[in-house]
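Letters A, B, ... mirror the listed sequences (proteins, then strands); counts begin at 1.
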Number of protein chains: 2
Amino acid sequence: MFSIDYRSPVPLYLQIVDNVERLAARGVLQPDSQLPSVRGLAVELSLNPNTVSRAYGELEARGLIYSLPGRGNFLAASSSALLQAMEQQTLRRLHMLCSEYICLGQPRERWLTLCKEAWQQAENHENGKEEGEKHDRDTGADQTL
Amino acid sequence: MFSIDYRSPVPLYLQIVDNVERLAARGVLQPDSQLPSVRGLAVELSLNPNTVSRAYGELEARGLIYSLPGRGNFLAASSSALLQAMEQQTLRRLHMLCSEYICLGQPRERWLTLCKEAWQQAENHENGKEEGEKHDRDTGADQTL
DNA sequence: ATACTGTACTAATAAAACTAGTACACGTAA
DNA sequence: TTACGTGTACTAGTTTTATTAGTACAGTAT
């Protein structure tokens, strides 16, 4: 169920995060269902338990899973909640960017103009690229479990 | 005229960039006026010419200065053009963020809602902090030239 | 108690960022 | 041309950061 490419430049713990996100978004993992244990997954993927733990920690920070010490890790989000978590992340980054922009002394209207412009550009860029690659990070996996 | 802190964790070349930005924004440097030569500034600040060159390269990428090989580096921007350059930078980062957001399949209205929300938060945060520190990166300088 | 669970701390390794050394290319003025 | 100014490309060394692994500890359930 987990696809990991050990030779990818993408950190292993991030690949695990991506896998869980994907499974959660597709509904393969149900809310409140238990994820593989830190040790169990570490053995399966031939990794150090701490690498898995770090991935789970990242997922917890993103609000996708919750941890019960001594019990295990569990999926917190339905796919709609997953979307919400992603939006939260977008909002945080947007907030940082906006703070810097406000320092320039620009008015709110100008900010919104830029936001609209960004959407325009991004949308064009999206339509410009034909059906090329998916936006999954890595798919040339070595091992599937 | 240049304030450099050699013990700051902020890279030297970025400190130079900040200095030029600050001087340009305050109108100390006039448009099309010549900046210190790469070698000259390197000697003054006891740096390698390449470090200064990298700073100038960064400034050129931001549209703040232009380079005439064999002649020197010159300030391109009036303070209004400086603002414009900063806006360009904001727009680029906004564009990247927006592209990722579009991948979630969300509509334009939702994006704009988030943008407005970000402004709201950032503005509150701005008003929340009293007159604390300036938003200059480093001011505990060792050397001034 | 035992066997499972997650986590904190430290250390070793890999990767990247930053700065400096050196040599080269272009432009201007004598 | 020659000399001296300018910026730049390429390489190497150092420092810093990110990533992963080793080990030991703490909580929970049977």
Protein-nucleotide distance ([X], atom [atom1]; [N], atom [atom2]), rounded to Å:
{"X": "B/L47", "N": "C/dG21", "atom1": "CG", "atom2": "C1'", "answer": "14 Å"}
{"X": "B/R39", "N": "C/dA23", "atom1": "CZ", "atom2": "P", "answer": "13 Å"}
{"X": "A/L68", "N": "D/dA29", "atom1": "CG", "atom2": "C1'", "answer": "13 Å"}
{"X": "B/R7", "N": "D/dT15", "atom1": "CZ", "atom2": "P", "answer": "17 Å"}
{"X": "A/Y13", "N": "C/dA15", "atom1": "OH", "atom2": "C1'", "answer": "13 Å"}
{"X": "A/L12", "N": "C/dA14", "atom1": "CG", "atom2": "C1'", "answer": "12 Å"}
{"X": "B/E58", "N": "D/dG7", "atom1": "CD", "atom2": "P", "answer": "17 Å"}
{"X": "A/N48", "N": "D/dT20", "atom1": "CG", "atom2": "P", "answer": "10 Å"}

| field | Ion pair check, B/R110 and A/E87, cut-off under 4.0 Å | value | yes
| task | Would you mind telling me which residue lines up with the more 5' stretch of DNA chain D, A/P69 or B/Q34, judged by nearest nucleotide? | result | B/Q34
| Do you reckon A/V52 sits in the same ILVMFWY cluster as A/Y66, going by side-chain contacts under 4.5 Å, direct or chained? | no
Taking only N and O in the side chain of [X], is any of them less than 4.0 Å away from OP1 or OP2 of [N]?
{"X": "B/S53", "N": "D/dG7", "result": "no"}
{"X": "A/S67", "N": "C/dT7", "result": "yes"}
{"X": "A/T51", "N": "D/dT20", "result": "no"}
{"X": "A/N50", "N": "D/dA21", "result": "no"}
{"X": "A/R54", "N": "D/dT19", "result": "yes"}
{"X": "A/N73", "N": "C/dG6", "result": "yes"}

| note | Scanning both residues in full, the closest heavy-atom pair of A/R62 with A/A85 reads O-CB, 3.2 Å
| query | With under 30° as parallel and over 60° as perpendicular, where do the rings of B/W111 and B/Y101 fit, or are they tilted in between? | reply | tilted
| message | Quick one, A/Q34 and A/N73 - any side-chain contact, counting heavy atoms below 4.5 Å? | response | no
| Where the side chain of A/R71 is concerned, which of D/dT20, C/dT19, D/dA29 is the nearest nucleotide? | D/dA29
